[in-house]
Undergrad: 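Input: one structure, supplied below.
By convention here, the first residue in the shown sequence is residue 1. Read the numbers this way: they start at 1 and go in the same order the structure lists the ligands and their atoms.
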Amino acid sequence: MKEHIQQLLEQTVSRLKAEAIIPADAAPRVQVDRTKDKSHGDLATNLAMMLAKPAKKNPRELAGLIIDHLPASELVAKTEIAGPGFINFFLDPRFLAKQIEAMADSDRANIAPVAAPQTIVTDYSAPNVAKEMAVHHIRSTVIGDAVTRTLEFMGHKVIRANHIGDWGTQFGMLIAYLEKMENENAADMDLSDLEAFYREAKKNYDTDEAFAERARNYVVKLQGGDQYCNTMWRKLVDITMAQNQAIYDRLGVSLSNDNIAGESLYNPMLPEIVADLTAQGLAVEDDGATVVFLEEFKGKDGNPMGVIIRKRDGGYLYTTTDIAAAKYRVDNYQADRILYFIDSRQAQHLQQAWLIARKANYLPESTTTEHCAFGMMLGKDGKPFKTRSGGTVKLADLLEEAHQRAVKLIGDKNPDLQGDELERIAHTVAMAAVKYSDLNKNRTTDYVFDWDNMLTFEGNTAPYMLYAYSRIQSIFRKAGIDAASLNGEITLSHEKEEALANKLAQFNDAVNGVANKGMPHLMCTYLYELAGAFMSFYEACPINKDGVSEQDKASRLRLCQATANTLKVGLSLLGIDVLERM
Ligand code: ARG
């Protein structure tokens, strides 16, 4: 409510400026406070007193002008001028109630799509071919997916770009090894353990000179478009991505094969980019390599830092590919925003690639590039998350363990649940837990992965949020009510009802926060507070008890409905499904 009045006053200030009632350079901090005494209305501002001096007017007179220029709003029932020039606002109590009724009725919790949709590219997940998805990919995958869903929900056109690592000199060795495996055991080629595959390929390359020779030859052939090498390369990509897709599907991540836009897509564009950067005078030959010197980045010696875009042997680099990717996203999609969900350690790499792309006019000023950086995933010991033997934790194994733990958690709480029903509920809880515990922390910090913290019903956790939702459903079941048929009027008479309604009305801010900052924890924090406001409301305001008036009962059920709806929509934006019972 406060924010709404604040916005009205800010618009009023612009109107007063337009009419030269106040000077154009006045920049007042618009302050709106709750009144202590209800006879003075609900909210008040001292804006007229702050602007009196620059406007060279008496504060009460200016207060009158402010009221005259206030945009119309359903929320404001009455205004009055008080004392030396305060403006008091009397709010319409039905306004908030009506807003919450609309949230209860709408499957979007009454969030309107934006008036001017943008085209937004989200670069996330981005695993590497012939490698198991590693823990840092889960952060990018889950955070990127939540922001993508939120932007789409708001009506933007979102293009998912899965920038997979599917090109580079390692493919010579990988093709040579795949060939060797196919020759040796054509019948049961097992590529389920990509980690082992990569390791073996590397071992062969390091120890077998004939193999290494073949591998180097395949790199050249692959780059030259050789059919055989291309087929082998495709196989490696397809096998890897089929395994990753199974992980996406299990986790409920909205990526598909159609979203793959890996390094190989940009590779054919690189010679032209290097030639153009050179022609523009941005890149120069330096000791056989092609380099862009950037004044903005100083090396240890204080000289401009050189960013290599083509190596002496003619090979291109990760930076060159990201320059091409930025250009492609502007040229092909006319992207307004490009969001990169990448580890914070790649910050300098991205800054350099974008700076070069801007200097070359590949990236116009109207397109923003945003690094939605995140910290590392650590174990409870504060060290990078590893298996007991120090190896990479496979995402597939992590999801399986989450599932087993969830089966135990839910089974212990609810011994009647068994079989398929238990499996189904555990699946939802497990995937929710893995996602939510990553999403609910400010992504810029390192994230300590802890099974016990994520699979508990206490605190800001997935089980708690899912429980809050299913509890409301059980209120409806107990009252023998079909929530969809509720249509009572909301009256906010109890303090806890009002607090819950106010929290519900902030959902819009949470959605916008995630969309604008690329920070899903803002939604988690909001939903946790909402669940808390609901629990306090439910304790203080009975529904199915004797002595509760029909009107209060109807109103409270509507508040339950609005809360359930908002929890469901909010969680869906995080990529989390709700459970009707658990
Ligand atoms: N494949 C890379 C990695 O595993 C991440 C790519 C991120 N996206 C990008 N446009 N550079 O670290």
Side-chain angles (χ1 to χ4, degrees), residues 120-145 147-148 158-171 174 194-195 197-198 233 236-237 240-241 243-245 247-248 253 255 259-267 269-270 273 307-309 316-333 335 337-358 362-363 367-377 384-385 392-396 438 443 446-447 518:
I120 304 172
V121 175
T122 54
D123 179 319
Y124 69 104
S125 195
N128 298 317
V129 168
K131 286 205 172 169
E132 214 72 51
M133 264 180 95
V135 280
H136 72 276
H137 292 118
I138 193 186
R139 297 218 71 190
S140 173
T141 303
V142 163
I143 299 169
D145 204 48
V147 175
T148 297
V158 186
I159 294 149
R160 294 162 172 78
N162 194 353
H163 194 92
I164 63 171
D166 61 357
W167 203 253
T169 48
Q170 72 274 28
F171 280 93
L174 294 170
L194 289 169
E195 222 45 46
F197 178 86
Y198 198 96
W233 168 81
L236 290 164
V237 175
T240 309
M241 291 316 287
Q243 288 180 27
N244 290 339
Q245 190 60 45
I247 290 180
Y248 295 150
V253 165
L255 284 167
N259 307 127
I260 295 174
E263 295 179 12
S264 65
L265 170 68
Y266 308 105
N267 190 61
M269 308 168 193
L270 304 184
I273 297 246
V307 179
I308 302 178
I309 55 170
Y316 300 97
L317 292 103
Y318 189 46
T319 310
T320 328
T321 306
D322 262 314
I323 296 170
K327 182 176 189 299
Y328 181 85
R329 291 162 185 179
V330 171
D331 292 349
N332 278 268
Y333 309 126
R337 290 174 78 188
I338 313 175
L339 308 186
Y340 292 75
F341 294 86
I342 315 182
D343 183 325
S344 54
R345 287 170 300 183
Q346 294 193 27
Q348 174 160 310
H349 155 73
L350 287 174
Q351 298 302 333
Q352 293 179 338
W354 298 341
L355 184 59
I356 295 170
R358 289 219 184 266
Y362 300 155
L363 257 178
T367 302
T368 61
T369 43
E370 300 161 46
H371 183 191
C372 299
F374 49 83
M376 290 202 289
M377 187 154 154
F385 192 67
T392 324
V393 178
K394 292 184 191 173
L395 195 41
D438 195 333
R443 59 171 163 70
D446 287 342
Y447 157 45

Undergrad: With sequence neighbours left out, what residues match His349 under ring pair (Phe, Tyr, Trp, His ring centres under 6.0 Å)?
TA: Tyr318

Undergrad: In order of chain and number, which residues sit within 4.0 Å of ligand 1 by heavy atom?
TA: Asp123, Ala126, Asn128, His136, His137, His163, Tyr318, Asp322, Tyr340, Ile342, Gln346

Undergrad: Mind checking what makes side chain to side chain contact (heavy atoms under 4.5 Å, CB included) contact with Ser125, not counting sequence neighbours?
TA: Pro127, Met133, Thr141, Asn162, Tyr248, Leu255

Undergrad: In Å, rounded to the nearest 0.5 Å, how long is the span from CG of Asn267 to OH of Tyr316?
TA: 8.0 Å

Undergrad: Keeping the roles fixed (side chain from Thr240, backbone from Ala130), state whether a donor-acceptor pair exists under 3.5 Å.
TA: yes

Undergrad: Going by side chain to side chain contact (heavy atoms under 4.5 Å, CB included), name the residues that satisfy it together with Ala326, two or more places apart in sequence or in a different chain.
TA: Tyr340, Ala357, Leu363

Undergrad: Could you please spell out the steps behind the side-chain contact (heavy atoms from CB on, under 4.5 Å) verdict for Tyr198 and Gln170?
TA: CA-CA 9 Å; Tyr198 198 96; Gln170 72 274 28; 3.7 Å; yes

